[in-house]
Every structure is written in structure tokens, then in C-alpha cells.
Amino acid sequence: MNEYLTGDGDAHGGVHNVGGNGFAYNPLPAHGPYRLGIRFTGSGSEYFRIWIVNLLLLMVTFGIYYPWAKVRRLRYFFGNTVVDGDPLDFHGEPLKILLGYFMMGILFSIYSTLGNVSALAGLIGFLAVAALWPALLVSAMRFRMANTSWRGLRFGFRGSMRDAYRALIPVFVPGILILAAVTRVGDSKNPPGWFFPAFGLIMLATLGVIPWLFWKFKKYQHDHYAFASIQTSFTATVGSFYKVFFKMLGVALLVSVLTGVLVAAAYFAMRTGAPSPKSGRAAMALAAGVTPLLAMLALFVLAKPYVIARFQNVIWSHTVNDSVRFTSDLRFGRVLLLTLKNWLLIVLTLGLYWPFAAVAMARLRLEAVSAETRDDPQLLVRQPNAAEGAAAGDAGADLFGLDIGL
């Protein structure tokens, strides 16, 4: 879900009377509610022209054109996202984003250099990145939202730096523990007996807290989106994230088992029909090499649509406000079928179908969301604009691989 749907929120400083569907509910006035229809009007052929030009200029400029390509892409997708009859707009300036990327490049160069010096220096560099990351995220959110508008009014992000550190520093704890263990071992070719059990426990604990970390991240985001005088709140529980996570593991396990069964059946069929023991060994080697690849491909194609659909519904159906209700009804089956179609056509066209696939997925996800407000939207557009954050944060969010707008 794109970040430009995050502009409605709480006009009265809190969420009250949360109903069973996860929305903050207050009786709507007699003249309401106002339904804000969301449509995506872009087409694959239009975006293809933007995409191919961006790709060529990125190759010619060795990547320096990326900020301009990013702005063109965002302006196209935002400009074709129509809310209540009016499109969104993106106002970010490429030069500011380029400066942000230069700053991030310097930061990562320092981190990489320290990592090559010693394990201890690498740990120090990682701690420095961890210390800066929440600040970069806040800057990224402020920059992105302040440069997004609807009916001439800019969106905003009101998250504080203190809350960002409280929410996001735990994300780095597993990495810090692993690097600390590696630093303790040093360059020894024979790690002590405690190293591998400790490493395994850290990885297992990390897997167990991933839903909690993701929930903290999304709660920080969706508690602080703003439009004019209203601000959103996030009512989803951490339990709802664990529920999706465990179901995702079930889907992944089922896909892995089915893939293994199919490959095993193919292997036995090849071995049975093999004319010599050498051919049988070749079939075994082929099966051993193909199984992990097929499992990974199946997980990406089948499990990812499940995660996209379920998390979008949980997150947006619990982004609430006294006067605004969001609903997301993204169906897993529709996402799965579209994903299979997109990947098939991308492979058949050697990648040229990619922009058409991006437009189709954006339309499916955006139009699965609906909004309803008890206040006349026209009354909100006379509010002051939000302050613009630093573009460096936007660059930092990209380089860290953050999804700042599910």
C-alpha cells in the first residue's frame, strides 16, 4: 500500500469507542457520512514510457539519475491516485534527494571501511548506523508526507524523535548481539563451543520477535500520519501481527512440502527410467540442486501475496480516527492470481512487462481501500501546510530497504 493514502487522522486527540471491526466509531452527523472513493487511473502503456526512459538514463548516468527517476515515478503514481475525484500530487525535488544519497553514501563508506579493519571496528560502525537510523526514518517520513498533497493541502507526519528511538532501536538488537559474539571470537579459525549455540539462539529469538518489531514499526508510523488538523491512530494489537505471521509460516511450510514432494516424484521417475547408475546419480544431483530453487520461487510467488493481502487489511483496517474510517478488503486470491499472471508475462517478455505489472498491482491494492469521514473534506483544505523534512532521510529509507508506506 503506498504511503500517499495516509493523510486522514484524529481531529480530537484520541480514539474512542473502538468497534469490533477495528475502527474508531462515533455516530456520524445527519448530513454524513462522506465517502471518499479511491481510484487508480494509470495505465501500463503510459508508465512503460516513463519506466523505459528512466531505465535508459540510469544506465547512461551510472545511477546518478536515480533521484529524478524516483520523482518521475512517484509523481506518476501519486497523480493517478484519485481520492474523492481529485488526484494526489508529489512535490519532492530531485536535487534534495540526490544530496541525501551522497550523505548516505558517505555514511556507508565509513561503515564499510570500519568493517574491513576489524570485527570490533565493524561493531562500532554498526552501532553508529543504529544510532542514526531512527533519526533518518523520521526525516524520511516528514519529507515524504510533507511533499504529498491532496487538493493543494500537504500531508504531515507528527512522530517525535524520542518515540522513533523507542520504537526502532530494538530492531538492531539481534544484529548487535551477533556482531558482539563475532567480535568476541575475533579471527579465530576454531570458534569456542558456545559460539554456534549462542548464534542459533539469537537467530531463533530474532525469528520469534519479528512480528513484534514489525508491529512497533507500523504503530509508530500509523499513529502519526496527519492531514490538516487530524491525526491517525493505530489500534491493531501485536497479537494480530503474530496471527498473520504464523499463518504465513503455515503457507510457507505447505509450499515447501509440496515442492519437495513434486521434485521427489520427478527424481524417482528419472531414476527409474535411467539407463545407468551414472544417470541415476545425475538425476539425484539435479533434484538436490533444483529443489531449493523451486522452493524459494514458490515461496516468493505464493507466500508473498498472502503476506501482502493480510498485512494490508490488518494495518489499514486499524488505522483510525474519531471522524475517519478506513477499510481494506484486499483478497489473497486476487493478489495471487495477479502475481502469477505478472510473473508469467514478465518472464515471457524478458522483463518488459514489469511496468504493466506494477500498474496492475497498484490498482488492485489501492482500490481495495476505502475511506469514510463524517467531516466535509472541503473544510480541511484551508489548514497550514506541514514542514518539509530532510531529503536525506528519504534516501536513507531507500538504502536501508524500509517500507515506509505499507
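When reading the values below, keep in mind they use all heavy atoms of this one structure, side chains included, and skip hydrogens, waters and symmetry mates.
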Set of side-chain contact (heavy atoms from CB on, under 4.5 Å) partners for T349, sequence neighbours left out: L352, Y353

From the options F332, F246, F245, select the one residue that forms a ring-ring contact (aromatic ring centres under 6.0 Å, His included) with Y306. F332

Ring centre gap for F143 and F157 strictly below 6.0 Å: no

Min side-chain heavy-atom separation P170-K216 under 4.5 Å: yes

Does any donor atom in the side chain of T319 or H222 lie under 3.5 Å from an acceptor atom in the other side chain? yes

Salt bridge (Lys or Arg N to Asp or Glu O under 4.0 Å) contacts in which one or both residues fall within residues 39-58, not counting sequence neighbours: none

Would you say the ring centers of F172 and W133 fall short of 6.0 Å from each other? yes

Ring centres of Y47 and F356 under 6.0 Å apart? no

Any chance the side chains of N54 and R73 put a donor and an acceptor closer than 3.5 Å? no

Quiz question: by atom type and distance under 3.5 Å, do the side chains of H224 and T232 form a donor-acceptor pair? no

Evaluate the side-chain proximity of N147 to R154: yes if any heavy-atom separation is below 4.5 Å, no if none is. yes

May I ask you to decide if the ring planes of Y101 and Y66 are parallel, tilted or perpendicular, using 30° and 60° as cut-offs? perpendicular

Test F77 against every option in F90, W51, F40 by the ring-ring contact (aromatic ring centres under 6.0 Å, His included) rule and name the one that passes. F40

Between the side chains of S328 and N313, does any donor sit under 3.5 Å from an acceptor? yes

Looking at D84 and R151, does any basic side-chain N land under 4.0 Å from a carboxylate oxygen? yes

Under a 3.5 Å threshold, yes or no: a donor from one side chain and an acceptor from the other, between D163 and S160? yes

Side chains of V71 and R75, heavy atoms from C-beta outward: is any pair under 4.5 Å? yes

